Each structure stands twice: as structure tokens, then as C-alpha cells.
Amino acid sequence: MKKGVFVIAEQRDGNLQKVSLELLGKAREIADKLDGEVVALLLGYEVDKLTDTLIHHGADRVILIDNIHLKHYTTDAYTKAICEVAKKMNPEIIFIGATYIGRDLGPRVAARLKTGLTADCTGLDVDDEIKNLLMTRPAFGGNIMATIECPNHRPQMSTVRPGVFSVPCADYERRGEVERFDINIKEDDIKVKIEEIVKSMKEKIDITEADIIVSGGRGVGSKEGFTLLKELADTLGGIVAGSRAAVDSGWIEKDRQVGQTGKTVRPKLYIACGISGAIQHLAGMQESEYIVAINKDSDAPIMAVADLAIVGDLYKVVPELIKEIKAYRQSCEVM
Amino acid sequence: MNILVFTKQVPDTNEVRIDPKTGTLIREGVPSIINPDDMNAIEEALRIKEEVGAKVTVVTMGPPQAEKALREALSMGVDEAVLLTDRAFAGADTWATSLVLAKAAEKLGYDLIVAGRQAIDGDTAQVGPEIAEHLNLPQVTYVEKVEILDGEVRVRRAFEDGYETLRVKLPCLLTCIKELNNPRYMNIYDIFTCYSKDIKVMGLSDLGLQKEEVGLIGSPTKVKKSFTKGPKAQGEKFDLPPHEAANIITEKLKAMHLI
Ligand SMILES: Cc1cc2nc3c(=O)[nH]c(=O)nc-3n(C[C@H](O)[C@H](O)[C@H](O)COP(=O)(O)OP(=O)(O)OC[C@H]3O[C@@H](n4cnc5c(N)ncnc54)[C@H](O)[C@@H]3O)c2cc1C
Ligand SMILES: Cc1cc2nc3c(=O)[nH]c(=O)nc-3n(C[C@H](O)[C@H](O)[C@H](O)COP(=O)(O)OP(=O)(O)OC[C@H]3O[C@@H](n4cnc5c(N)ncnc54)[C@H](O)[C@@H]3O)c2cc1C
């Protein structure tokens, strides 16, 4: 039998989570190196319409567990279902998105299967010789990276941070099998009862938790100018912040100030627009993973700390950038 | 009611820096603290104690120095402290850690177990759910509100896009996030008495475990290598017409999977 690289396809209210598609792309690569197959494990109630999308994004096979008790996520029912499948099919690998659900489910499943679990991975590969999965993850608040193996236990399991891998382009010609799997879950198996489910798109305003920050300074020139930065931030899935000059001018709220007297941020991407890069500002952002600076002045101090320094007028560059990113997104329809 | 609180002593990773020249971790002078989420767990246990009455016991697995974290918890007002220490426990992954903690829970007895969601050094958030599985207990993670009812608890569980209100019978295990409460400071009276209290110490044999089950040997995962990201590469600068500049930015973001 082919080695199974399993992906837990997370859906909420019948909508697939983007990370599941990102995982299918990565699982495809890993399965090809192992000469194995990609299996998407889809749990839910009346979710059969999602199987095609999983196949189009790289699954060879979808195992569908459609059960009324899986309508909403519960640790108990989902763990039971996944473990039953795993015990029967002995997957080589199981990938789970490191969402608020995945990080509840993953350790429970791993402990029940008596195997290891690597948390919140940002890199996945296969050892060339012994074909073990190599799982790389940040620890110590992102200060160090570790590559972890699970040599003697199967499945090898990891939760994978959303947004790290790209969603593969859909191939509508791809065909795959859909297999229904029945499990026996009773109301009583679910020890935690759901009383109320509340959806609220709480806008992330804690800039220290954002992965992507578009930040503006005095060079933005006006409150209206910040609408342009907001549009860029929305396009990227990030949030807007600013320098003290921008805050003092009243263009943006004080709790969005980056720097010595504001907040210290370490996002994956920091785009500084019209910010000179005073030492007090740099103190709050220079440990960002990737810094883009857009400034008219080639010699502004921010240009020296930037990974990518763009000399130019932000009012010309930013609209072009928004256009480019939108065009790219459309070229590969993701969902 | 017996409440067990699992706490971990961690280096204050906010103070950890990378030496930009060598690319290595600078750990000197970094203070050890009680893991931040665990402070919320202790606070919640104390709050429940004040509300309905309970005995609160903090438990940590770590080297003998972890006693300091336990004294700190005692000075916040917890009743008892237990240190699980044994050379055999060293190098444990979350599976082996949670096994030791679960065995200790069995020995100590409990009605409610609270832990932090995530430790800021290991950063896995796996220990809580794995303890719950070893003990065959229901779990709720990401807890931001707790209400004690008769023989059960009502909790609010956070999601990226909202929350759920859940009800679960005792005994169960909850993992706490910072939104749950504001941890109290040490109490002056308890600061004086915390040094006179005994800390219970338990090792491998006290827990009835075998060497092969714990520590590095008992761990399914192995750290193959760890590294820092190393010194940062020199940046690039471009002075080009806007659309070309926008194109360069887009290509970079694509390459880094940021879009
Ligand atoms: C004790 C103390 C604490 C401080 N704390 C903070 C803090 O927490 N955070 C903080 O940010 N500052 C702080 N400051 C202020 C800091 O010293 C700077 O004054 C401030 O950061 C400058 O903001 P800026 O870069 O937005 O403005 P400026 O320094 O005026 O820079 C504006 C930049 O925009 C560029 N520009 C103009 N027009 C355009 C355009 N159309 N396109 C592209 N680029 C353009 C210009 O070339 C210039 O480089 C502090 C200062 C002190 C003394
Ligand atoms: C760089 C690095 C990467 C690692 N990656 C992994 C990995 O991917 N998978 C893996 O299984 N192990 C991993 N480990 C090992 C792991 O860090 C240890 O097992 C650690 O003891 C527990 O994990 P944690 O710190 O992530 O705790 P978490 O699971 O984040 O802790 C959650 C809560 O559990 C409780 N708790 C945790 N540890 C203790 C303790 N010792 N005593 C009392 N209560 C405790 C606390 O309430 C805490 O808030 C890694 C270690 C290193 C150094």
C-alpha cells in the first residue's frame, strides 16, 4: 500500500479553511518524494460538496466522514473520528492546520495515537536517505528555529502555521476518489456541550500580533492618505500603523504607534511609507522579519535598515502595488 | 474542591536577544519567570477558591531551581506546591512531559485542572491537551471566562472569529489565555510565609514511572538541530518608475509566500 500523507481538511460552517489548501500543496510535494498518496480527511455534516475542491488542489483521495455529530467542532467527536481512521489506515504523516481548532485537536489525537507532534511548523521536508519527515518550527518567541523528527513512531504529525505555504493553483481536470467512512459516535461521547456559538470578526487592533503591518509617517501628509495605506493593508491581509509624527498629526490612533514610546512589533512584513526612520521609530520595528521602505529620500535612515528600499513617491508606488497584488491574486483563483 | 494548576518556569523570552554578529542566542542575564499564561491559570484558581472554596495546588516539572517559581505562586496565595524533579525527566518532549504531569495529577487527586495554553519558550501549546488525553478528561483550550456551576463549569472558549460558550462536567482540564483575568501581585503576608511552607518533591519512583517512558528516551520527537536565523542579509535598494518598483515588491512578497 502507498504511504499516506494525510491532511485534515478543516471546514467551518461548510467553508474550507485556506490553510487546508495550503497543506494540500505541501502534502503533494512530500507525497511525491515518498512515492505516496495525498489523502484529505474531511469531517463535518453535509459537506460532500467540498470534496471536489480538495481534489482540485492536490488530494488523490478524500475520506469523508459525514455525521450529524461532526456538524460543529468538538474535541471529543473529532478526535474519535480521526483516530478511528488513523488506526485503520496507518498514515505515514498527518498534517493539521495550526488554527485555534487544529491546536486543540492535534495534541489530543497525537496523544491518543501515542506518537509525537511538532507544533506550528513553518518548514516541512523529507530526509533524503531515511525518508523521515523534517519539521522546522520557531520557538522561544521566534528567536530560534528547530528541526524536529519523529523517527520511531507513526504517524509523524505536525500542526502547520497558516499563511506559510502558498495555496496551489486549482487544477479542474484532476480526478480523485471519494470514500465514505462511517463512524459510530453517540451524543454521550461528546463531554463538552456547546451552549452558544458567537461569530464576531473582532478586528485585530493589537499591532503587536499582526503578521503584516503597513505603516505610515509624516510623508503620508493627511488623514485621507491613510485610506490608501488601509487599502494596501486590506489587500495584504494586514493592518495599518504609524510613526509618532503620524499619530501626533491625528491621522491614526495612538494605540497604533510603533516605536520607543509606542509598541514594539515583529511582524513578518513591515512596509514603511513616508517614514524617515528616526532611532526611536527603528527601536520599535527593526526586528521585523522583512522590511520594505518606500521613501522619496534615498538617504533616509529607514532605507538602511530595509530589506527592500524603494526610492519613490508613495502616492505613485502604493496604488501600483495594490493593482499588482490584486492582479496576481486573480491569476490563480484560490477558492 | 481540589484544583491543580500546572505552571512552568520559563526564561523571559521578551528579554532574549540574538547576537547580530554571531547569530546565537544571548541567554545571560535573562530572568526566569512563571510562564505568563500560567499566571492567569493561578489567578483563576485563586478566584474560584475565593468564590466557592477550594484547595489550590501548583505543580511544576523542572530542575531544582524551579522551586523559585513555586515560591512565587505560594506568595500569590496558593495552598500547596509540588516540584516534580528527576534527572530522568530531562529532555522531555510534550508527550513525555504530559505523561509525568498526568501521573502526578493521579497521585495528587483533582476536581479541576488548569494550565496555561502555551509556554513562551517551547511554544507548543500541546501539554494541556496531552495531559487531558492521558487522564481521559474532557478539555477546553483557549479559555477566556470561567463560571463554576453545580458539579460543572461554563466556559467561554476563544476562536479566531468569535467564541463559544461551553458547558462541561467536572473533572475536566482547562487551558487559559491572557484575556481570562488580570493576575494579582504577590501578597505581602504571603511573601513572608511562602518560605516557611514545605514544597513537596516527587521523582520517577514516587510517580511509579519507568525511565524508558520519560525524558529524552520516552520522547517520540527529537530535536535534530536548532539554529537562529543568523545575521541578516544586506538589503537592496531600487530607484525605478512606480510600476516597476511595484513589480519588484510583488515578486519578493510572492517568493516569501506573503501573498
Ligand atoms: C523621547 C522620544 C520618543 C519618541 N518615540 C517615538 C516613537 O515611539 N515612534 C516614532 O515613530 N517616533 C518617536 N519619536 C519621534 C521621532 O524622533 C521622529 O520625530 C518621528 O519618528 C518622525 O516621524 P516620521 O518618520 O513619520 O516623519 P519624518 O521624520 O518627518 O519623515 C517623513 C519622511 O517621509 C518622506 N516623504 C515625504 N513625502 C513622501 C512621499 N510622498 N512619498 C514617500 N516618502 C515621502 C520624507 O522623505 C521623510 O523621510 C520620539 C522622539 C523622542 C524625542
Ligand atoms: C526548540 C524546541 C522546540 C520544541 N518543539 C517541540 C515540538 O514541536 N513538539 C514537542 O512535543 N516538543 C517540543 N519541544 C519540547 C517541549 O518544549 C518540552 O516538552 C516542554 O517541556 C513542554 O512544551 P512547551 O514548553 O511547548 O509547553 P506548552 O505545551 O506550550 O505548555 C502549555 C502549558 O502546559 C503546562 N506545562 C508545560 N510544561 C510544564 C512543566 N514542565 N511543568 C508544569 N506545567 C507545564 C503549563 O501550564 C503551560 O502553560 C521543543 C523543545 C525545544 C527546545
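Note that this is a predicted model, so its numbers are computed, not measured. Letters A, B, ... mirror the listed sequences (proteins, then strands); counts begin at 1.
In this structure, chain B has no heavy atom under 4.5 Å from any part of A/Ile322. Interface remark: B/Ile131 contributes no atoms to any contact with chain A (heavy atom separation under 4.5 Å). Interface remark: A/Asp104 contributes backbone and side-chain atoms alike to the contact with chain B (heavy atom separation under 4.5 Å). Both the backbone and the side chain of A/Lys114 come within less than 4.5 Å of a heavy atom of chain B. With a 4.5 Å cut-off on non-hydrogen atoms, B/Pro241 does not touch chain A at all. Contacts of A/Arg266 with chain B are made by side-chain atoms alone, with heavy-atom separations under 4.5 Å and no backbone atom involved. Within the 4.5 angstrom heavy-atom criterion, only side-chain atoms of A/Asp127, from C-beta onward, approach chain B. Of the atoms belonging to A/Val318, not a single heavy atom falls under 4.5 Å from chain B. Contact annotation for A/Ser298: both backbone and side-chain heavy atoms come within less than 4.5 Å of a heavy atom of chain B. For B/Leu258, the parts lying near chain A are the backbone and the side chain together; criterion is any non-hydrogen pair under 4.5 Å. Only the side chain of B/Tyr142 comes within contact range of chain A, judged by heavy atoms closer than 4.5 Å. Heavy atoms of A/Ser166 lying under 4.5 Å from chain B belong to its backbone as well as its side chain.
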Open item on the list: Let's go through B/Val155 and A/Val192 carefully: what are the C-alpha distance in whole Å and the side-chain angles of both, what is the deciding distance for side-chain contact (heavy atoms from CB on, under 4.5 Å) to 0.1 Å, and is it a yes or a no?
Closed with: CA-CA 10 Å; B/Val155 296; A/Val192 178; over 6 Å; no

- [ ] Please report the C-alpha distance between A/Leu117 and B/Thr221 in whole Å, then the side-chain angles of each, then the deciding distance to 0.1 Å, and finally whether the side-chain contact (heavy atoms from CB on, under 4.5 Å) criterion is met.
- [x] CA-CA 7 Å; A/Leu117 174 65; B/Thr221 66; 5.8 Å; no

Task: side-chain contact (heavy atoms from CB on, under 4.5 Å) evaluation trace for B/Phe227 with A/Ile144 - done: CA-CA 6 Å; B/Phe227 50 100; A/Ile144 61 169; over 6 Å; no

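Comparing B/Ala132, B/Ser219, B/Ala245 by how many heavy-atom pairs each has under 4.5 Å with chain A, the most go to B/Ala132. The residue among A/Met157, A/Glu149, A/His72 with the most heavy atom pairs within less than 4.5 Å of chain B is A/Glu149. The candidate with the highest count of non-hydrogen atom pairs below 4.5 Å against chain B, out of A/Val292, A/Asn152, A/Thr99, A/Ile212, is A/Thr99. If you tally non-hydrogen atom pairs under 4.5 Å between each of B/Gly122, B/Pro242, B/Cys172, B/Gly128 and chain A, the highest count goes to B/Pro242. Ranked by heavy-atom pairs under 4.5 Å with chain A, the list B/Gln139, B/Glu244, B/Lys225 is led by B/Gln139. Ranking A/Glu22, A/Arg137, A/Met135 against chain B, the residue ahead of the rest is A/Arg137, based on heavy-atom pairs under 4.5 Å. Your options are A/Ile310, A/Ile271, A/Ile325, and the one with the most heavy-atom pairs under 4.5 Å with chain B is A/Ile310. Put simply, of A/Ile294, A/Thr264, A/Val164, the one with the most heavy-atom pairs under 4.5 Å next to chain B is A/Val164. Of the listed residues (B/Asp121, B/Thr94, B/Val140, B/Ile120), the greatest number of heavy-atom pairs within a distance under 4.5 Å of chain A belongs to B/Asp121. When each of A/Gly116, A/Ala119, A/Ala309, A/Ala111 is scored by its heavy-atom pairs under 4.5 Å with chain B, the top score falls to A/Ala309.
Heavy atoms from other residues, nucleotides or ligands lying under 6.0 Å from NZ of B/Lys169 number 12 at most. Other residues, nucleotides and ligands contribute at most 12 non-hydrogen atoms within 6.0 Å of the NZ atom of A/Lys316. More than 12 heavy-atom neighbours from other residues, nucleotides or ligands sit within 6.0 angstrom of NZ on A/Lys268.
A/Tyr328 OH to B/Ile259 CD1: the interatomic distance, rounded to the nearest 0.5 Å, is 6.0 Å. Taken from CZ in B/Arg167 to CD in A/Glu196, the straight-line distance is 12.5 Å, to the nearest 0.5 Å. Atoms CG and OG1, from B/Leu166 and A/Thr74 in turn, are 9.5 Å apart once rounded to the nearest 0.5 Å. Atom CD1 of residue A/Ile194 and atom CD of residue B/Glu164 lie 4.5 Å apart, to the nearest 0.5 angstrom. Rounded to the nearest 0.5 Å, atoms NZ (B/Lys237) and CG (A/Asp299) are 5.5 Å apart. Rounded to the nearest 0.5 Å, atoms NZ (B/Lys224) and OG1 (A/Thr147) are 8.5 Å apart.
For the pair B/Lys222 and A/Pro151, the minimum side-chain heavy-atom distance is below 4.5 Å. Using a 4.5 Å heavy-atom threshold, the side chains of A/Lys193 and B/Val168 count as separate. The shortest side-chain heavy-atom distance between B/Thr141 and A/Thr75 does not fall under the 4.5 Å cut-off. Taking the side chain as every heavy atom from C-beta outward, B/Tyr163 and A/Lys199 never approach each other to under 4.5 Å.
Without hydrogens or angle criteria, B/Glu133 side chain to A/Pro107 main chain gives no donor-acceptor distance under 3.5 Å. Between the side chain of B/Glu160 and the main chain of A/Tyr100, a donor-acceptor pair closer than 3.5 Å is present. Side-chain atoms of A/Arg103 come within 3.5 Å of backbone atoms of B/Thr124 as a donor-acceptor pair (strictly under, hydrogens ignored).
Under the side chain to side chain contact (heavy atoms under 4.5 Å, CB included) criterion, A/Ala233 pairs with A/Val214, A/Val240, sequence neighbours left out. Residues satisfying the side-chain hydrogen bond (donor to acceptor under 3.5 Å, both in side chains) test with A/Thr208, not counting sequence neighbours, are A/Asp206.
Between A/Thr118 and B/Gln126, the closest heavy-atom pair is C-OE1, 3.8 Å.
Ion pairing between a basic and an acidic side chain is recognised when a charged N comes within 4.0 Å of a carboxylate O; A/Arg12 and B/Asp161 show such pairing. A salt bridge does not link A/Glu195 to B/Arg157: none of the charged side-chain nitrogens sits closer than 4.0 Å to a carboxylate oxygen.
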